Amino acid sequence: MKLLRNNDDLAVYLSSLSGAMGLVPTMGYLHPGHGALLKAARAQNQAVLMTIFVNPTQFNEADDFQSYPRDEARDLAMVESLGVDAVWMPEVDAIYPPGDTFCLHEKNHNTRMEGIHRPGHFYGVATVVLKLCLLAKPQRIYMGEKDYQQLQLVRDLVASFFLPIEVIEVPTQREVSGLAMSSRNVRLTKKQRKQAAKIYQALCEQPNVNATRQVLNDLGFRVDYVEEYQGRRYVAAWLGRVRLIDNVALDRR
Ligand code: PAF
């Protein structure tokens with residue numbers, strides 16, 4: 001496995017490729033959800049490039065950026081065992097060169113759910129995904145259903161900027177309890193982790209948005225939103241200082 005630290009390393013790696021390459025963008029602190037993205041990428045491409053980059057521009061709160069879990073040694077050991085060809089871990093300057101004053105503005109996703117509750121978040125996501133795609137030039141990019149709004153944002157980004165990239169959607173990986181796998185789960189206590197699984201239960205079992213919100217309120221969550229949009233029910237809720245999101249397709253409940 002090749003470890004690419006800067007854009008020159010990336011260019012050398014890209015020049016060595018002969019077939020299709022699949023890009024798996026991540027912010028690290030890997031878990032089996034990332035493993036599923038890699039597995040899908042492995043099956044469809046000759047080469048798989050994973051990025052690990054905690055993108056500063058998508059955090060709307062400095063505290064969230066500081067406390068986002070990071071463990072390079074753990075991540076590298078994990079990717080080694082998962083059959084990744086190369087891991088690209090750029091420094092911030094490699095993605096946002098000094099003097100870079102650009103940021104993508106998005107007018108649809110930004111006006112609902114995550115877009116409202118995390119102001120500027122999708123601008124940062126769109127900007128970094130565009131930059132990663134322009135630098136790495138993958139044939140396919142792998143996105144998880146867990147961040148379904150983000151997945152749609154990336155689909156629209158690829159269409160708007162005529163990127164010759166196929167966006168591949170990979171199902172949410174869940175713990176036995178139903179809790180959607182997420183890097184942020186590591187910040188939950190054992191008790192909170194058990195409680196967090198109730199989000200999926202509520203999404204699946206409650207008849208409508210109001211009932212879902214009520215159940216989560218009663219269980220002690222601080223709910224940001226429960227919404228249905230284009231055939232999916234979405235929730236974002238806090239347990240203590242940890243913010244959790246999940247969604248299900250209404251016809252798959
Ligand atoms: O989902 C994530 O981990 C991030 O939002 C992404 C897509 C890697 C962009 O930084």
Side-chain angles (χ1 to χ4, degrees), residues 4 10 21-38 40-41 48-61 64-72 74-75 78-79 82 84 86-96 100 102-104 106 109-110 113-115 117-136 138 140-158 160-161 163 165-173 180-187 234 236 242-247:
L4 317 174
L10 176 68
M21 184 265 278
L23 180 69
V24 178
T26 81
M27 297 207 298
Y29 215 82
L30 304 174
H31 53 73
H34 296 112
L37 299 176
L38 286 175
V48 176
L49 171 66
M50 171 180 266
T51 64
I52 298 181
F53 179 62
V54 183
N55 172 36
T57 66
Q58 71 185 73
F59 288 84
N60 54 311
E61 285 173 12
D64 190 26
F65 177 60
Q66 297 305 337
S67 59
Y68 196 84
R70 297 162 170 90
D71 189 337
E72 185 176 316
R74 175 186 175 278
D75 283 348
M78 201 160 161
V79 279
L82 285 168
V84 179
V87 180
W88 176 27
M89 301 182 83
E91 294 294 333
V92 172
D93 277 8
I95 303 299
Y96 300 102
D100 177 2
F102 284 87
C103 175
L104 274 187
E106 195 280 334
H109 305 283
N110 195 50
M113 299 185 283
E114 290 301 282
H117 288 270
R118 300 187 65 192
H121 168 64
F122 281 145
Y123 296 171
V125 172
T127 304
V128 78
V129 170
L130 180 61
K131 283 173 178 259
L132 296 176
C133 288
L134 291 175
L135 285 164
R140 300 187 181 90
I141 183 168
Y142 292 80
M143 307 295 301
E145 270 189 11
K146 150 122 188 331
D147 297 287
Y148 205 79
Q149 243 196 308
Q150 169 175 275
L151 165 67
Q152 296 300 337
L153 174 89
V154 171
R155 276 198 191 291
D156 291 348
L157 173 79
V158 162
S160 285
F161 290 89
L163 302 177
I165 299 174
E166 197 183 344
V167 180
I168 309 289
E169 176 172 327
V170 178
T172 304
Q173 302 299 300
M181 291 186 183
S182 162
S183 305
R184 291 176 197 273
N185 292 353
V186 71
R187 293 173 55 205
Y234 295 81
V242 185
R243 186 172 184 275
L244 301 158
I245 64 170
D246 202 351
N247 68 88

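Note that the structure is predicted; figures quoted are calculated from it, not measured. As the structure lists them, so they are numbered: ligands from 1, and atoms in each ligand from 1.
Each of the following atoms of ligand 1 lies closer than 4.0 Å to a heavy atom of Val128: 9 (C), 10 (O). Close approach of ligand 1 to Gln150 is summarised as follows: ligand atoms under 4.0 Å from at least one heavy atom of the residue are 1 (O), 2 (C), 4 (C), 5 (O), 7 (C). Taking a cut-off of under 4.0 Å to the non-hydrogen atoms of Gln58, the atoms of ligand 1 that pass are 4 (C), 5 (O), 9 (C), 10 (O). Annotation for ligand 1: atoms under 4.0 Å from non-hydrogen atoms of Pro25 are 8 (C).
Put simply, the side chain of Gln149 gets close to the backbone of Glu114: a donor and an acceptor are under 3.5 Å apart.
By the criterion of a heavy-atom distance under 4.0 Å, the backbone of Thr26, and not its side chain, is placed next to ligand 1.
The CG atom of Leu134 lies 6.5 Å from the CG atom of Leu163; values are rounded to the nearest 0.5 Å. Met50 CE to Leu4 CG: the interatomic distance, rounded to the nearest 0.5 Å, is 13.0 Å.
Salt bridge present: Arg118 and Asp64 bring a charged side-chain N and a carboxylate O closer than 4.0 Å.
Closest heavy-atom contact between Leu104 and Ala126: CD1-O, 3.7 Å.
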